[in-house]
Amino acid sequence: QAAPVWRRIAERLNMKILRFFAEQIVYLLINLILFLIAFVFLYLGYAPDNTPRKNAIYLSIGTSLIAAGIVAALELWKDLSRNKMLMRINNVILEAGIEAAFVKRDLDKYDRLMRGLKDQLDITGYSLNAFYESYCDLLASRIAECRSLRVRMLVVAPQSKFSKQRAQSEGRDGQAFRDSVNRLTSRFSTYDRVEIRQIDEPLTTMIFRVDDAMFVGPHLHRKPSKSTLTLELAREGWLFAEYEREFDSLWNDAVPVGEA
């Protein structure tokens, strides 16, 4: 599906460039006429029948017109480059829906979002240890206050080799994630509107959705999750929908924690 998306973006970009030139058609025609007139004057400037003074005047006019045409062409190129840059910004920021980029995953703005949580929380992680330590009590409070709130937590099976390898790559004991997942399930498994599932495969992406706000980022080699780059996505962008589908796909393949 990625290829058609990028093909559509390329086609849209080409159409915008063609539209840009169409809007500048008068400007282009004037520059073309300037160059033609300049070459006429240059031709006359080398005519053997003219006096040296007249040739010098013709050459001066011709070279001045060429210089003016070159400056005009450079201005047009600058406008085109600016237009292309704005289109790239439009694609990356507006259409894709990237609100912000952060060098870490442990963000202060999570506090405000969690305090206002009402309808949906989706989160992935190898153990969700940092999330539990930061928001365990607050989440329990929001669940009690908001009857429509649904919570989905997705972890990597703590007994799997992937979980143990990840823990060791971050410099932790191989069983560290198991203890964190056990603590998480012990606290929230009795809540009707909280589901905790596990996958038996490596987790490549962190997804953290709080109502209409979403944060995503990769799991990098030997780097703790909380210190890894994070993108904030807008609800209206296509990236939000893409990661929403990714979470649903992982969720549908997962099983309740503790099952094989």
Inset, instruction - Before giving the answer on salt bridge (Lys or Arg N to Asp or Glu O under 4.0 Å), spell out for Arg209 and Asp119 the whole-Å C-alpha distance, their side-chain angles and the decisive distance to 0.1 Å. - result: CA-CA 11 Å; Arg209 176 180 180 177; Asp119 299 312; over 6 Å; no

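- The two residues Ala157 and Ser163 have their closest heavy-atom pair at O-CB, 3.3 Å.
- In this pair, Tyr191 and Phe188 present their aromatic rings tilted. The plane angle is within the 30 to 60° band.
- The backbone N or O of Lys104 lies less than 3.5 Å from a partner atom in the side chain of Thr230, making a donor-acceptor pair.
- Residues Ser148 and Lys118 approach most closely at OG-O, 3.5 Å, considering heavy atoms.
- For Asn55 against Ala47, the heavy-atom pair with the smallest separation is ND2-O, 3.4 Å.
- When all heavy atoms of Thr205 and Thr124 are compared, the closest pair comes out as O-OG1, 3.2 Å.
- The aromatic rings of Tyr126 and Phe177 are tilted relative to each other, their planes meeting at an angle between 30° and 60°.
- Counting heavy atoms of neighbouring residues, nucleotides and ligands inside a 6.0 Å radius, atom CG of Asn252 exceeds 12 of them.
- Put simply, the side chain of Ser249 never gets that close to the backbone of Arg245: no donor and acceptor are under 3.5 Å apart.
- Leu229 and Arg105 make their closest contact through O-NH2, 3.0 Å (heavy atoms, listed as atom of the first residue, atom of the second, distance).
- No side-chain donor-acceptor contact under 3.5 Å links Asp253 to the backbone of Ile199.
- Without hydrogens or angle criteria, Ser141 side chain to Asp137 main chain gives no donor-acceptor distance under 3.5 Å.
- Here the straight-line distance linking atom CG of Leu149 with atom CZ of Arg142 works out to 8.0 Å at 0.5 Å rounding.
- Counting all heavy atoms, side chain and backbone alike, Glu170 lies closest to Lys223 at OE2-O, 3.9 Å.
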